[in-house]
K.L.:
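One structure, pasted below without further comment.
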Amino acid sequence: VLLFGTQLGIGISIVLYILTGYIGSMLLASMFWKNNAIKNIFTILVVFNLPLFFHLSAGHIIFYTYYLIPLILYYFRK
């Protein structure tokens, strides 16, 4: 990520974390629900978490690991 410079590298890592959170929450939701609408609602609630956005807008980069939790839970339950 640092190959692209600081600003572009952080932007790329943000996009990768959000995509990882989306995929992980979709996989986790597929274990509990079969309805695609419910899975998408769960995924949107995980990805667009307002308290998380407040921390991220303040520059707390460590909170991006929150997006890894659904994927970790999916592999632990599998």
Side-chain angles (χ1 to χ4, degrees):
V1 175
L2 289 177
L3 294 173
F4 301 106
T6 304
Q7 283 187 327
L8 184 60
I10 288 177
I12 290 171
S13 66
I14 289 170
V15 169
L16 289 176
Y17 273 117
I18 290 173
L19 285 175
T20 305
Y22 179 81
I23 292 169
S25 60
M26 186 60 82
L27 289 172
L28 185 64
S30 68
M31 293 178 76
F32 298 109
W33 299 290
K34 300 298 178 201
N35 189 356
N36 283 333
I38 294 174
K39 289 192 284 190
N40 283 325
I41 289 171
F42 176 77
T43 302
I44 289 170
L45 289 175
V46 169
V47 172
F48 296 115
N49 187 352
L50 280 179
L52 179 66
F53 282 158
F54 288 132
H55 281 288
L56 298 177
S57 65
H60 301 150
I61 195 83
I62 192 68
F63 282 97
Y64 279 111
T65 57
Y66 166 81
Y67 288 123
L68 300 176
I69 292 173
L71 194 61
I72 292 170
L73 289 175
Y74 171 75
Y75 283 116
F76 278 139
R77 282 203 41 101
K78 190 175 175 186

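All of these numbers come straight from a predicted model, not from anything done at the bench. Atoms considered below: every heavy atom in the structure, side chains included; atoms not considered: hydrogens, waters and symmetry mates.
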K.L.:
Look at the rings of Phe42 and Trp33 and say which category their plane angle falls in: under 30° parallel, 30 to 60° tilted, over 60° perpendicular.
P.N.:
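Rings of Phe42 and Trp33: tilted, as their planes differ by 30° to 60°.
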
K.L.:
Where is the tightest heavy-atom contact between Leu71 and Gly24, given as atom of each residue plus distance?
P.N.:
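The answer is CD1-CA, 3.8 Å.
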
K.L.:
Check this for me: Phe48, atom CZ, are more than 12 non-hydrogen atoms of other residues, nucleotides or ligands nearer than 6.0 Å?
P.N.:
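Check fails, neighbour count at 12 or below.
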
K.L.:
CD1 of Ile18 to CG of Leu16: how many Å apart, nearest 0.5 Å?
P.N.:
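The CD1 atom of Ile18 sits 10.0 Å away from the CG atom of Leu16.
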
K.L.:
Under a 4.5 Å side-chain heavy-atom rule over Ile, Leu, Val, Met, Phe, Trp and Tyr, are Leu19 and Leu8 clustered together?
P.N.:
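Cluster IDs for Leu19 and Leu8 differ.
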
K.L.:
Starting at CD1 of Ile69, measure out to CG of Leu28 and round the result to the nearest 0.5 Å.
P.N.:
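Between atom CD1 of Ile69 and atom CG of Leu28 there are 11.0 Å.
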
K.L.:
State whether the side chain of Tyr67 and the backbone N or O of Val47 hold a donor-acceptor pair below 3.5 Å, judged by distance alone.
P.N.:
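Yes, Tyr67 side chain to Val47 backbone: donor-acceptor pair under 3.5 Å.
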
K.L.:
When you group the ILVMFWY residues by side-chain heavy-atom contacts below 4.5 Å and let the links chain together, are Leu45 and Phe63 in the same group?
P.N.:
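Result: no, two separate clusters.
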
K.L.:
Check the angle between the aromatic planes of Tyr17 and Tyr64 and answer parallel, tilted or perpendicular using the 30° and 60° thresholds.
P.N.:
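Correct class here is parallel.
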
K.L.:
If you measure from OG on Ser30 to CG on Asn35, what distance do you get to the nearest 0.5 Å?
P.N.:
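It comes to 12.5 Å.
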
K.L.:
Which heavy-atom pair separates Asn40 from Met26 by the least distance, and what is that distance?
P.N.:
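Between these two residues, the closest heavy atoms are OD1-CE, 3.0 Å.
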
K.L.:
Could you state the interatomic distance from OH (Tyr22) to CG (Leu27), rounded to the nearest 0.5 Å?
P.N.:
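That separation rounds to 10.5 Å.
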
K.L.:
At what distance, to the nearest 0.5 angstrom, does CD1 of Ile44 lie from CG of Asn49?
P.N.:
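The CD1 atom of Ile44 sits 13.0 Å away from the CG atom of Asn49.
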
K.L.:
Please report the shortest heavy-atom distance between Ile12 and Phe4, naming the atom on each side.
P.N.:
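Heavy atoms only, the tightest pair is CD1-CD1, 3.5 Å.
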
K.L.:
Are Leu50 and Ile62 grouped together when hydrophobic residues (ILVMFWY) are joined by side-chain heavy atoms under 4.5 angstrom apart?
P.N.:
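Leu50 clusters together with Ile62.
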
K.L.:
Look at the side-chain heavy atoms of Ile, Leu, Val, Met, Phe, Trp and Tyr, link any pair under 4.5 Å apart, and say whether Phe54 and Leu52 land in one connected group.
P.N.:
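Different clusters.
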
K.L.:
Are Ile23 and Met31 joined in one hydrophobic group, where the rule is that I, L, V, M, F, W and Y side chains link up if heavy atoms are under 4.5 Å apart?
P.N.:
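Linked, Ile23 and Met31 end up in one cluster.
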
K.L.:
What I'd like to find out is whether the side chain of Ile38 reaches to under 4.5 Å of the side chain of Phe32, using heavy atoms alone.
P.N.:
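No - every pair of side-chain heavy atoms lies 4.5 Å or more apart.
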
